[in-house]
Peer 1: 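Here you go, one structure.
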Amino acid sequence: MSRYNARESEPRWREAWAAAGVDKAVEDRSRPKYYVLEMFPYPSGRIHIGHTRNYAMGDVVARYKRARGFNVLHPMGWDAFGMPAENAAIERKIHPAAWTYDNIAAMRDQLKLMGLSIDWDREIATCDPAYYAQQQRLFLDFLDAGLVKRRKSTVNWDPVDHTVLANEQVIDGCGWRSGAPVEKRELTQWFFSITDMAEELLSAIEGLDDWPEKVRAMQSNWIGRSEGAEVSFRLAPNDLVPDHETITFFSTRPDTIFGASFCAVAPDHPLALALSNKVEGLAEFQEECRRMDTTEEAFETAEKKGVRTGLEIIHPFDSDRRLPVYVANFVLMSYGTGAIYGVPAHDQRDFDFATKYELPIIPVVSPDGDPEYRIGDAAVPGAGVMINSDFLNGMDSDAAKSEVMNRYEGAGLGRRKTNYRLRDWGVSRQRYWGCPIPVVHCETCGVVPLRKQDLPVLLPDDVSFDEPGNPLDRATDWKTTTCPTCGGAATRETDTMDTFVDSSWYFARFCSPRDSEPTNRDAVDYWLPVDQYIGGVEHAILHLLYSRFFARAMNDTGHLDSTAREPFSSLFTQGMVCHETYQTADGKWRAPEEVLRTADGATLRDSGEPVSVGASTKMSKSKKNVVDPEDIIEQFGADTARWFMLSDSPPERDVEWTASGVEGAWKHLQRVWRLVVDAAQLPDADDATDGPAIRAAHRAVHAITEDIEAFRFNKAIARLYELTSQLAGVTDDSTVRTATKMMVRAMFPFTPHFSEECWRLLGGDTLLAASPWPEIDARFLADDVVTLPIQINGKKRSEIKVSPDADQKQIEALVLQDPVVMKHLDGAAPRKLIIVPKRIVNVVA
RNA sequence: GCCCGCGUGAUGGAAUGGUAGACAUAGCGGACUUAAAAUCCGCAGGCUUCGGCCGUGCCGGUUCGAGUCCGGCCGCGGGUACCA
């Protein structure tokens with residue numbers, strides 16, 4: 001009996017597809033387009049199993065849509081700038097470019113083994129000057145349009161590596177590489193004005209119907225819109241800061257103004273800075289706050305502390321009331337106005353602060369309407385009836401909110417204001433391996449953008465990585481240049497762009513990857529938006545939000561069609577690939593290939609030492625629970641790997657990689673192969689011939705089509721298992737060969753090489769890769785007879801077989817004659833008889 | 001704290017309000033074989049006095065009928081946060 005030989009077959013079919021050019025995407029306006037894209041990988045050096053699941057899903061979609069007559073664009077590229085390349089340069093004395101391009105070459109070879117239908121002619125790498133030169137053009141256009149700004153901001157500064165760190169690179173207050181405590185510094189940085197688009201980015205989420213609800217919620221929360229009042233209250237006359245007359249506050253609860261018992265400003269608020277040397281202990285307190293790291297956990301435990309300034313605010317509605325002003329560590333300069341008035345009764349932070357400093361806690365909102373309402377040992381947020389609030393007493397808190405804001409506006413104290421949590425996107429990085437920012441610093445003209453004809457600004461090759469800091473700062477020859485405006489001496493900007501910039505527009509570049517402009521309008525108008533984007537949920541906020549911003553910015557600067565402001569019309573976030581973990585008694589992690597797994601435990605293969613089996617978690621080097629896709633492909637072939645990864649769990653959920661599961665997938669393909677070998681000996685049936693096999697095939701493919709459309713790949717595969725058993729079980733049926741051919745075609749998106757091999761064996765003389773999806777014939781879907789379950793009082797007791805077009809009376813008669821029904825009714829008439837056609841019967845006794 | 005998800009056999013998971021557990025993995029039994037592997041066939045939620053009864057995290061509701069819808073809990077996972 002012959003076996004399917006993946007190792008021999010798979011390369012042969014990949015060559016055949018390449019020779020036929022089936023993966024090439026050309027603009028063809030006579031056909032509907034379909035752009036399917038998986039998030040492009042960072043070229044770390046090896047393809048990870050998680051990548052392969054991601055690309056397998058995209059490939060199913062690409063191959064299916066192509067078979068459905070769509071003109072498919074399915075490209076691949078490399079998110080190739082970033083720190084690991086510089087770290088490699090530091091540790092191994094390899095140039096980042098050499099390291100990166102070696103990795104790309106290795107990963108491209110690995111990816112090709114999977115048999116993905118990718119148009120490799122469109123491959124791009126973001127570190128390629130041909131790519132980042134276009135990014136520099138976009139930067140200049142954005143600058144021109146006011147979408148890029150340069151300003152001072154507080155950053156995380158690593159004092160050992162002499163560089164700015166992203167928030168994610170600060171771990172427990174220390175630099176992730178140097179381990180040194182991170183400082184906050186004021187640096188002048190480049191920003192994309194994403195906050196200008198906050199409202200549009202938020203409201204447009206509404207229209208992203210084919211995005212996961214989860215991602216939409218995360219983006220909404222991240223943008224974080226809140227409505228309230230921005231008001232300025234007068235400071236009582238004082239000698240400390242005579243030129244400060246007011247403090248401006250933001251509050252979402254103007255209704256609680258009569259509950260205010262203190263005010264607080266951020267340590268870096270202008271007023272606090274002005275007071276630094278005039279209030280005892282303040283300068284030290286501010287220094288302490290600066291040292292406090294910016295990560296989340298630190299705040300969790302940090303005590304609320306402040307320094308009383310001696311200043312007082314005059315209550316806006318009661319000029320006899322004075323609110324002491326503090327500088328407090330829990331007030332952030334980066335949100336609102338950097339100043340709050342504290343209402344301890346209705347805000348937990350204010351409550352904690354007031355308790356510590358023995359400030360009054362005045363309830364002003366009574367949840368149950370009781371005017372004598374008292375606060376316990378925690379603040380009570382939420383709505384209610386106003387109490388202790390002068391002219392607001394008795395009002396509903398929502399109405400009070402509106403009333404107070406009206407009074408503020410009437411008195412010229414302030415206005416209604418919407419604030420966003422979203423911050424502008426700081427893109428400056430003091431790094432070498434990134435896209436240079438195309439501006440110069442001129443002694444006379446200041447910051448001057450380059451002219452487009454001066455682009456690209458190429459990264460210098462000759463740089464050293466043996467000192468900390470940004471190598472570009474030390475690249476003197478490169479840095480020294482002339483000013484495009486005055487021709488005088490100038491130095492280049494040495495900041496490079498955040499790598500998230502690179503990935504914010506690559507989907508547009510794929511439409512015309514070699515064009516001399518960032519985009520070709522004909523190409524992007526045809527291909528965009530991406531019809532199906534697939535990637536990990538870890539990019540739910542940053543990458544996807546930045547891309548949404550970029551699509552709009554490119555729109556506004558004429559690089560994209562003005563009608564399409566969303567880049568990805570449908571988004572799918574796939575689950576991770578997990579694996580059991582193994583540990584020996586001494587606590588050391590062991591790799592799956594070292595372990596012999598039995599039904600009730602595991603031992604080491606070589607020594608027989610017992611191994612404890614731990615939870616299945618995301619594959620990671622530290623836990624050694626990693627499977628190398630190349631090993632799997634070597635052993636079983638790409639199709640087996642693809643089949644298994646999609647078969648076991650719904651695509652949005654994590655899948656557990658198991659050796660037995662992969663073997664099961666491999667066995668199944670061999671089973672199909674035997675079926676195909678047998679079927680190849682049989683004659684074809686003509687289209688009209690009916691039989692159990694062809695019926696089973698049409699039904700299965702009908703369902704599989706719906707499953708693929710709905711991203712239910714696991715169910716599609718389950719149906720293919722079922723169909724295989726059905727075809728193997730029929731005897732004496734002249735439609736077996738025809739049905740087998742249909743099954744092989746339906747398997748094609750999942751197991752393309754294997755399906756081609758089967759197809760050829762069954763006499764196919766075309767490539768399945770260029771063949772249409774099987775047509776469903778409705779004749780073969782209809783039932784001759786349907787089985788109706790019979791429930792009595794909602795519990796299944798019996799069933800009857802009826803013709804599908806039997807009418808209610810016929811069914812009723814059959815039901816009442818059913819022995820089980822007769823027994824339960826015991827001569828009585830049913831109280832009610834519910835007949836759902838072709839579904840179920842319920843007898844209410 | 002807030003915002004999302006999710007709780008179904010030993011396991012991954014199926015089930016437009018209509019036969020709960022498709023399909024797969026592991027397991028058990030059998031066939032073939034000197035034997036093993038491979039392959040093929042079959043069994044498989046729990047309890048039962050063999051009539052049935054119970055069963056989708058828990059409690060209640062809607063319905064002829066609830067894993068599915070509604071209300072309230074419990075548990076797990078993810079995201080996010082001194083955001084005023």
Side-chain angles (χ1 to χ4, degrees), chain A residues 1 3 212-222 224-226 228-229 249-253 256 264 296-304 328-332 334-343 346-350 352-353 378 381 419-423 537-538 540-541 578 597-600 616 644 647-650 652-656 658-665 667-668 670-671 674 712 714-725 728-729 787-799 823 830-836 838-845:
Chain A
M1 192 62 165
R3 277 196 167 190
E213 184 51 45
K214 176 184 177 146
V215 175
R216 305 197 322 168
M218 283 164 72
Q219 291 221 350
S220 291
N221 291 340
W222 188 261
R225 179 190 156 108
S226 55
F249 302 95
F250 176 70
S251 172
T252 54
R253 293 294 303 271
T256 62
E296 306 85 57
E297 300 92 301
F299 293 121
E300 194 81 38
T301 48
E303 193 187 4
K304 287 169 186 48
N329 63 352
F330 68 98
V331 181
L332 306 177
S334 56
Y335 188 79
T337 62
I340 59 145
Y341 59 83
V343 184
H346 304 292
D347 182 290
Q348 189 58 42
R349 293 156 300 172
D350 299 346
D352 294 344
F353 192 81
N419 266 330
Y420 299 90
R421 207 184 69 93
L422 185 67
R423 303 268 67 88
V537 73
E538 66 273 17
I541 297 171
C578 297
R597 189 76 169 88
T598 56
D600 46 352
S616 181
F644 171 65
S647 68
D648 242 29
S649 290
E652 67 277 15
R653 283 205 219 167
D654 292 350
V655 65
E656 185 182 352
T658 61
S660 55
V662 184
E663 278 160 33
K667 283 180 193 169
H668 179 73
Q670 294 299 346
R671 189 175 180 219
R674 287 190 295 275
R712 293 184 299 240
N714 57 323
K715 286 188 65 187
I717 287 176
R719 294 192 199 276
L720 284 163
Y721 273 110
E722 212 165 14
L723 179 59
T724 306
S725 297
T787 303
L788 278 186
I790 300 176
Q791 294 182 330
I792 296 167
N793 295 330
K795 286 202 165 83
K796 193 213 160 188
R797 299 292 178 187
S798 182
E799 58 185 36
K823 191 186 152 206
R831 285 203 294 171
K832 207 169 175 183
L833 192 61
I834 291 133
I835 298 170
V836 185
K838 297 181 190 176
R839 271 280 173 205
I840 204 163
V841 177
N842 193 10
V843 182
V844 185

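Side chains included, hydrogens not; waters and symmetry mates left out as well; all remaining heavy atoms used.
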Peer 1: Run the side-chain hydrogen bond (donor to acceptor under 3.5 Å, both in side chains) test against A:S220 and tell me which residues pass, sequence neighbours left out.
Peer 2: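 side-chain hydrogen bond (donor to acceptor under 3.5 Å, both in side chains) check on A:S220 returns nothing, list empty.
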
Peer 1: Counting just side-chain N and O atoms, does A:Y721 come under 4.0 Å of either OP1 or OP2 of B:A24?
Peer 2: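 For B:A24, neither OP1 nor OP2 has a side-chain N or O of A:Y721 closer than 4.0 Å.
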
Peer 1: To the nearest Å, how far apart are A:E656 CD and B:A24 P?
Peer 2: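 About 18 Å, once rounded to whole Å.
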
Peer 1: So, using side-chain hydrogen bond (donor to acceptor under 3.5 Å, both in side chains) as the criterion, who are the partners of A:Q348 when residues are at least two apart?
Peer 2: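 Result, side-chain hydrogen bond (donor to acceptor under 3.5 Å, both in side chains) vs A:Q348: A:D352.
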
Peer 1: Toss me the dot-bracket line for RNA chain B: Watson-Crick and G-U wobble, both under 3.5 Å, 5' to 3', using | for pairs to another strand and [ ] for crossers.
Peer 2: (((((((..(((.....[....))).(((((.......))))).(((....)))..(((((..]....))))))))))))....

Peer 1: A:F353: which residues meet the ring pair (Phe, Tyr, Trp, His ring centres under 6.0 Å) condition with it, sequence neighbours left out?
Peer 2: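 Residues passing ring pair (Phe, Tyr, Trp, His ring centres under 6.0 Å) with A:F353: A:F262, A:Y326, A:F330, A:Y357.
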
Peer 1: Using salt bridge (Lys or Arg N to Asp or Glu O under 4.0 Å) as the criterion, list what pairs up with A:R225, not counting sequence neighbours.
Peer 2: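 With neighbours one apart ignored, the set is A:E199, A:E227.
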
Peer 1: State which residues pass salt bridge (Lys or Arg N to Asp or Glu O under 4.0 Å) with A:E799; sequence neighbours excluded, sorted by chain then number.
Peer 2: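 Once residues adjacent in sequence are excluded, the partners of A:E799 under the salt bridge (Lys or Arg N to Asp or Glu O under 4.0 Å) criterion are A:K796.
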
Peer 1: Which whole number of Å gives the distance between the P atom of B:G61 and that of B:U68?
Peer 2: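 After rounding to an integer number of Å, I get 14 Å for this pair.
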
Peer 1: On RNA chain B, compare the nucleotides closest to A:R719 and A:R653; which residue's is nearer the 5' end?
Peer 2: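 Closest to the 5' end, via its nearest nucleotide, is A:R653.
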
Peer 1: Just jot down the side-chain contact (heavy atoms from CB on, under 4.5 Å) partners of A:R797, sequence neighbours excluded, or say none.
Peer 2: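 side-chain contact (heavy atoms from CB on, under 4.5 Å) list for A:R797, sorted by chain: A:I792, A:K795, A:V820, A:H824.
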
Peer 1: Return the value, rounded to whole Å, for the distance between atom CZ of A:R712 and atom C1' of B:A22.
Peer 2: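 Whole-Å distance recorded here is 14 Å.
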
Peer 1: Excluding sequence neighbours, so at least two apart, what forms salt bridge (Lys or Arg N to Asp or Glu O under 4.0 Å) with A:D347?
Peer 2: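 Scan of A:D347 (salt bridge (Lys or Arg N to Asp or Glu O under 4.0 Å), adjacent residues dropped) gives A:R349.
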
Peer 1: Pick out the pairs of N or O atoms, protein on one side and nucleotides 37-46 of chain B on the other, that lie under 3.5 Å.
Peer 2:
from	atom 1	to	atom 2	distance (Å)
B:U39	O3'	A:R674	NH2	3.2
B:C40	OP1	A:R671	NE	3.2
B:C40	OP1	A:R674	NH2	3.4

Peer 1: Among residues at least two apart in sequence or on other chains, which ones pass side-chain contact (heavy atoms from CB on, under 4.5 Å) with A:A728?
Peer 2: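 With neighbours one apart ignored, the set is A:R671, A:L675.
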
Peer 1: Taking all atoms of both residues into account, what is the closest heavy-atom pair of A:N714 and A:S649, and its distance?
Peer 2: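 Nearest pair, atom of A:N714 first, then A:S649: CB-O, 3.5 Å.
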
Peer 1: Taking side-chain contact (heavy atoms from CB on, under 4.5 Å) as the definition, give me every residue that meets it alongside A:A540, ordered by chain and number, with sequence neighbours left out.
Peer 2: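 A:A540: side-chain contact (heavy atoms from CB on, under 4.5 Å) contacts with A:V215, A:M218, A:V537.
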
Peer 1: For every nucleotide of nucleotides 59-70 of chain B, 5' to 3': is a protein heavy atom under 4.0 Å from its base (B), only from its sugar-phosphate (S), or from neither (-)?
Peer 2: -----BS-----

Peer 1: Starting at the 5' end of RNA chain B and moving along, which residue's nearest nucleotide shows up first, A:S334 or A:R797?
Peer 2: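 Closest to the 5' end, via its nearest nucleotide, is A:R797.
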
